[in-house]
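We name chains A, B, ... by the order of the sequence lines, and we start the count at 1 in each one. Source: prediction; values computed, not measured.
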Amino acid sequence: MPARPDLSETPDPVLIIRQRFSDAIASAFPEHAGADPLVAASKNPKFGDFQCNAAMSLSKLVGKPPREVAKAIVSAVRLDDLAEPLGEASIAGPGFINVMLRTDALGRLLSGLSTKDMGLTVAPGEVRTIVVDLCGVNLAKQMHVGHIRSTVIGDTLARVLERRGHRVIRQNHVGDWGLPIAMVTSRVIALRDAGKMNLDTITLDDLDRAYKGAKIACDADRRGLEAARKWHMGPKALAELEEQVAGAEEEDRAARRVLSLLQNHDAATVAVWQRLSDVTMAACLEACRMLNADVRPEHSAGESSYADALAPLVDDLEKRGIAEVSDGALVIRLEDVGIREPVIVRKRDGAFLYATTDMAAIRHRVRNLRADRVVYCVDARQSLHFAQVFAGCVKAGYADRPGGGRTQLDHAGFGTILGEDGKPFKTRTGESVKLADLLNEAFERAMGELTKRSSELDAAEQATIARATATAAIRYTDLAIERTKDYVFNLDAMVKFEGDTGPYLLYALARIRSIFRKAASQGLSVPTLDAGAAFAPAAPAEKALALALLRYPGAVLDVERTLEPHRLCGMIYDLANAFSVFFDQCPVLAAPDEAMRRSRLLLCALTERVLGDALGVLGIPTVERM
RNA sequence: GGUCCCGUAGCUCAGUUGGAUCAGAGCGUCGCGCUUCGAACGCGAAGGCCGCAGGUUCGAGCCCUGCCGGGACUACCA
C-alpha cells in the first residue's frame, strides 16, 4: 500500500515528493540513506511537474552509472497515489527523474490547501519567541525614505513569523537619548524661555528645524574655524568665526547640562523631552498607519529605556574581563572571532555609545523578553556594527537564554533607497525628503490613475481604494526587490498599474471578487472551501494555476528561514499571472457544464484565499473593487 | 590598506541546493486578441559574450582564484 498519511499533513507537493524519494534512496541505497533527494519543481513543463536530481550525485558515491542509479530509485519510490506511473521513460538526460502529478492527486492537494491553516503553522512545540526590531525613528527628526524599508520589511517579517504561529514582539528602537537629543531639548527650552516657541502647539517640523539648528550651532562652526585657520583667512573673518565658536561652545555646555538633568530624571527637563517624544511619535505612528505597518505605542522601546542599565552593564563587562581599557576607552576585542575592529562600549570621556545601548537591548530581549531569535531590520551599512555587537554579546554571555541554548541574532540588513542620480535619495538642495510628503504624493498619483480608469465609484470609496493602492505600490516595490540591494526610488514606476506591481496584485484579487459578486447576482452559489472541496483541474491553465497555488506554504517557509520577503513576492506575482491566464482561457460562470463550473469556482475561491492571505502577510491592504 | 556587497536585454530587476531546450520577467518598442466573468489583462516578435580570464565536474549565471568596473563600511557620532 502506498503511504498516504503525509498527503494529509502538508499541502506542499515538494515536501511530500522529497520525502518519498528520500525513502526510496534509503531503501535502494541503505548506506546513503541521508542523501539529499534534490527534489524541486520542474522549470520547464515539458519535463513534468517535479523532478528528482539525486541520481547524478549519488552515482559517484555508489560507483554506478547515473541512469542505473535512477532506475533503482524509480523502482523503489512509491508515488502511485500522487503521480503518473514512473518508468524508463521518466528518466531523462543524464539521470533526471521526472514526475507528473495525477490530476486527482492535484485535486486532493488543493483540498489540503483549502483549510484555514494552509499547512503554515508550526507545531506547538516549535513556537519561538521572536523579537523584531523595526522602524527606528529618531526624536525630533522627520521620517524620511530610509524609514520605509525598516518599517515595511520589519513589519512584513513580523507578519510572516506571526503567520507561522510564533510569538512575535515588535520593538521600535527609538533614537531618543544621548547628546544630540539633549542638544535639541536644550535648544527648545531656550527658545521657549525666549518666548519664541510654544510647546503646546509645536510640530515635528519645528523640532526638525531646532534639531538642525542645534547641530549646526554645536559643531559646524568649529570645523569652519579650523578650516579658516588652515586656509589663512583674514583676521576679520576669523574674529567673526571665533565669536560663533564661542557661541557653539556655550550651546554645547548647555546641552551637556540638559543631558545631565535628563539622566538624573529632573522633572521639568523630562517634561520637555516627553513633549518632543510625543510629537515625534504621533507623526511616526501616522506614517506607519499610512504604510499599513503594525507599529503601536506599546512597541516603543527607545534608547532612553536602557539608559540606567548602561553603567552596570559596562561595569559587568569590565569586572569579568570581557572588556579592557585601550587608549582610555573601554573596548571588547574581537580579533579572535575575525573582526579586526574592537567594539567600544565606553569612550575615553566616560560616555557610553550606541553599541553599549544595543548590547543592553539584546541582554534585555534575551533575559526579560525571553527571545529565541532577534531580528534587526536595520540599514545594511550597519552590518559591521551589528557583527560587533552580536559578537560582544555572545562573548559576554548576553545571548545565552535563561532556559539554555543561545538566542539566534540576525541582522536583516537592507540596501539604500537611491535617487535618479544613483546617490542616496535627496532633494536637489540636499535635504532628505519627508516621508509624509512622499506618501501623500503616492496617494495623489494613485488617485489620478484610478479616476482615469473607473468612474462609477463614489468619492469616498475612491479615496479608500487610492489609499490601499498607494500603500500596495510602495510596500510591494520595497518588498519585491532583494532585501540587501539598493534601489532607485521612482514613484512613477511604483504607482503604475501595469506589470509586476502592487496594484496588479490588487487588480487580480478584485477580478476574482467580481466573479463572486456576479455569481451571487445570478443566484449561483460558490462551493465551500474546505478540506473536502472537490477540485478537478483539467485545462493547462487550471493545472498551472493549481501548481502556483501549491507553492504558497513553501514560499512562506522560505521567508521565515531567509528573512527575504522578495521570495514570497515573486511567488504571488507568478500566482496572479497564472490566474490572469486562467481567467483569459477558462470561463468560470459560463463553463460548459456544472461540474466544471463548480471546480473553477473552487479554484477562484482558493486563489482568492491564498492571494489574500499572502497580501495580508505582506501587509498589503486589499479592496473589493477598484 | 583591510572587510563586505554588486556587475544578467535599451531601462529596472528575478534566477532557490550547481541541473536539462536556461538566457528569464516587468517597463519601453512593434504586432495580435474584447457581441462571453474587469483589456489595470492575455498572446506573439525584436532585444544577450550572464563584467573579463582561468579553474573545479557528468553539468557553472550560481562554487574557487585572479583581474577590471561601481558601491558601502572601516576605534571613541547615532
Side-chain angles (χ1 to χ4, degrees), chain A residues 36 38-44 46-47 51 53 56-57 59-60 65-66 92-96 98 136 138 175 177-181 219 303 326-331 338-349 351-355 357 379-385 387 413 415-416 418 422-423 449-450 452-454 469 480-482 484-488 490 493 496-501 503-504 506-508 510-519 522 554-555 558 562 564 566-567 569-570 573-574 576-577 579-591 600 604 625-626:
Chain A
D36 191 333
L38 296 170
V39 168
S42 296
K43 286 168 187 174
N44 191 330
K46 269 185 203 165
F47 303 121
Q51 57 180 275
N53 301 336
M56 280 85 75
S57 54
S59 87
K60 229 168 300 167
F96 298 101
N98 293 326
N138 294 300
W177 207 244
L179 190 57
I181 303 302
D219 57 43
E303 293 174 344
S326 169
D327 286 344
L330 191 70
V331 308
I339 303 173
R340 194 175 61 169
E341 300 85 350
V343 55
I344 300 173
V345 293
R346 191 182 63 207
K347 296 201 294 180
R348 198 180 325 199
D349 67 4
F352 305 126
L353 300 97
Y354 71 129
T357 307
D379 195 313
R381 286 174 291 194
Q382 296 203 33
S383 36
L384 175 59
H385 165 70
T416 308
L418 308 173
K423 292 193 222 156
E449 290 288 321
L450 216 55
K452 273 201 304 208
R453 297 164 211 259
S454 35
T469 309
I481 193 100
E482 197 180 341
T484 55
K485 288 187 125 176
D486 297 348
Y487 73 87
V488 176
N490 183 343
K496 264 223 168 80
F497 283 25
E498 296 91 12
D500 189 3
T501 63
Y504 170 73
L506 295 191
Y507 178 68
R511 290 210 290 183
I512 304 174
R513 291 174 175 171
S514 169
I515 293 176
F516 295 152
R517 279 194 300 274
K518 184 146 187 175
Q522 293 177 6
D558 271 354
T562 63
E564 292 176 355
H566 80 281
R567 293 167 187 259
C569 292
Y573 174 72
D574 290 344
N577 203 44
F579 177 77
S580 290
V581 176
F582 162 81
F583 186 88
D584 222 50
Q585 296 179 4
C586 304
V588 177
L589 300 177
R600 287 180 178 174
C604 289
R625 70 187 102 235
M626 58 193 294

field: Heavy-atom pair with the smallest gap, counting every atom of A/A92 and A/N98
entry: CB-ND2, 3.7 Å
message: Both A/T484 and A/V488 contact RNA chain B. Taking the nearest nucleotide for each, which residue is further toward the 5' end?
response: A/T484
query: Within the structure shown, what part of the strands sits under 4.0 Å from A/E303 by heavy-atom distance: base, sugar-phosphate, or nothing?
result: sugar-phosphate
- prompt: With a non-hydrogen cut-off below 4.0 angstrom, is A/N98 in contact with a base, only sugar-phosphate, or nothing?
  reply: base
- prompt: How many angstroms lie between atom CD1 of A/I515 and atom CG of A/L589, to the nearest 0.5 angstrom?
  reply: 6.5 Å
query: Is A/R511 close enough and on-axis enough to A/F579, meaning under 6.0 Å and within 45°, for cation-pi?
result: no
Length of the CG-C1' vector between A/D379 and B/C5, whole Å: 13 Å
task: Using the P atom as the reference point in each nucleotide, state the distance between B/A40 and B/A45 in Å, no decimals.
output: 24 Å
- request: Send over the distance from A/L38 CG to B/G18 P, rounded to a whole Å.
  value: 9 Å
statement: Correct closest heavy-atom pair for A/H385 and A/A355 would be CE1-CA, 3.7 Å
- prompt: When the P atoms of B/G10 and B/G47 are considered, how many whole Å apart are they?
  reply: 11 Å
- request: Could you check how far CZ of A/F47 sits from C1' of B/C22, rounded to whole Å?
  value: 10 Å
message: Once you apply a heavy-atom cut-off of 4.0 Å, does A/C586 come out as touching a base, just sugar-phosphate, or nothing?
response: base
field: Interatomic distance where CD belongs to A/Q585 and P belongs to B/C37 [whole Å]
entry: 16 Å
- prompt: RNA chain B: stems of at least 3 consecutive Watson-Crick or G-U pairs, cut-off 3.5 Å?
  reply: B:1-7 with B:68-74, B:10-13 with B:24-27, B:29-33 with B:41-45, B:51-55 with B:63-67
- prompt: Can you tell me how far CG of A/L38 sits from CE of A/M56, rounded to the nearest 0.5 angstrom?
  reply: 8.0 Å
- request: Describe the nucleic acid contact of A/V588 in one word from base, sugar-phosphate, nothing, applying a heavy-atom distance below 4.0 Å.
  value: base
- line: dist A/R567:CZ -> A/T562:OG1 (nearest 0.5 Å) comes out at 4.0 Å
List every contact pair, protein side and nucleotides 73-75 of chain B side both N or O, where the distance is under 3.5 Å.
from  : atom 1 : to     : atom 2 : distance (Å)
B/U74 : O2'    : A/E341 : OE2    : 2.8
B/A75 : N1     : A/S326 : OG     : 3.0

- request: Rounded to whole angstrom, note down the C1' distance from B/G55 over to B/G48.
  value: 25 Å
- prompt: Counting distance only, does the side-chain N/O of A/R625 pair as donor-acceptor with the main-chain N or O of A/S514 below 3.5 Å?
  reply: no
query: Nearest-Å distance, CG (A/D574) to C1' (B/C41)?
result: 16 Å
- line: Between A/W177 and A/L589, the residue closer to the 5' end of RNA chain B by nearest nucleotide is A/L589
task: Just compare B/G38, B/G26, B/C37 and give me whichever is closest to any side-chain atom of A/D500.
output: B/G26
Distance between P atoms of B/U8 and B/G71 (Å, rounded): 15 Å
- prompt: Using atom C1' of each nucleotide, how far apart are B/C50 and B/G7 to the nearest Å?
  reply: 10 Å
field: Nearest-angstrom distance from the residue atom CG of A/L418 to C1' of B/A72
entry: 11 Å
statement: Heavy-atom nearest pair, A/P65 first then A/S59, reads C-CB, 4.1 Å
query: With sequence neighbours left out, what residues match A/K452 under side chain to side chain donor-acceptor pair (under 3.5 Å)?
result: A/E449
- request: Ignoring backbone atoms, test whether A/R453 places a side-chain nitrogen or oxygen under 4.0 Å from the OP1 or OP2 oxygen of B/A39.
  value: no
- prompt: Among the nucleotides B/A20, B/G28, B/A40, which one has an atom lying closest to any side-chain atom of A/F96?
  reply: B/A20
- request: Heavy atoms only: give me the nearest A/I181-A/G175 pair and the separation to one decimal.
  value: CD1-O, 3.5 Å
- prompt: Choosing from B/G19, B/U17, B/C37, which nucleotide comes nearest the side chain of A/Q51?
  reply: B/G19
- request: Go through B/A39, B/A20, B/C37 for me and flag the one nearest to the A/K518 side chain.
  value: B/C37
Spacing between A/I181 atom CD1 and B/C77 atom C1', to the nearest angstrom: 12 Å
- request: Find the distance between CD (A/Q522) and CZ (A/R517) and round it off to the nearest 0.5 Å.
  value: 13.0 Å
- request: Answer with base, sugar-phosphate or nothing: what part of the nucleic acid does A/V345 contact at a heavy-atom distance below 4.0 Å?
  value: nothing
Pairwise P distance, B/C5 and B/U21 [rounded to whole Å]: 31 Å
- request: Please round to the nearest 0.5 Å and tell me the distance separating atom CD of A/Q585 and atom OG of A/S580.
  value: 11.0 Å
- prompt: Excluding sequence neighbours, so at least two apart, what forms ring-ring contact (aromatic ring centres under 6.0 Å, His included) with A/Y507?
  reply: none
field: Sugar-phosphate only, base, or nothing, as touched by A/Y573 at under 4.0 Å among non-hydrogen atoms
entry: sugar-phosphate
message: Looking at B/C41, I'd like to know if its phosphate oxygens (OP1 or OP2) sit under 4.0 Å from a side-chain N or O belonging to A/S580.
response: no
message: With a 4.5 Å cut-off on side-chain heavy atoms, are A/F497 and A/L506 touching?
response: no
Polar atom pairs between nucleotides 14-16 of chain B and protein, under 3.5 Å, N or O only, would you list them?
from  : atom 1 : to     : atom 2 : distance (Å)
B/A14 : OP1    : A/E482 : N      : 3.1
B/A14 : OP2    : A/K485 : NZ     : 2.7
B/G15 : OP1    : A/H566 : NE2    : 2.8

query: When the P atoms of B/C64 and B/A25 are considered, how many whole Å apart are they?
result: 28 Å
Rounded distance in Å - CZ (A/F583) to C1' (B/G42): 11 Å
message: So, taking the atom named CG in A/N577 and the one named OH in A/Y504, what distance separates them when rounded to the nearest 0.5 Å?
response: 4.0 Å
- prompt: What nucleic acid atoms does A/Y504 come within less than 4.0 Å of, heavy atoms only: base, sugar-phosphate, or nothing?
  reply: sugar-phosphate
task: Check whether any side-chain nitrogen or oxygen of A/N577 sits under 4.0 Å from OP1 or OP2 of B/G42, and answer yes or no.
output: yes
Sub-3.5 Å pairs of nitrogen or oxygen atoms, protein against nucleotides 30-35 of chain B:
none

query: Between A/H566 and A/I481, which heavy-atom pair has the shortest distance, and what is it?
result: CB-O, 3.6 Å
- request: Please state the P separation for the pair B/A78 and B/U74 - nearest whole angstrom.
  value: 13 Å
query: Contact class for A/P503 vs. all strands (heavy atom < 4.0 Å): base, sugar-phosphate, or nothing?
result: nothing
field: Donor-acceptor contact present, side-chain A/D327 to main-chain A/A329, <3.5 Å
entry: no
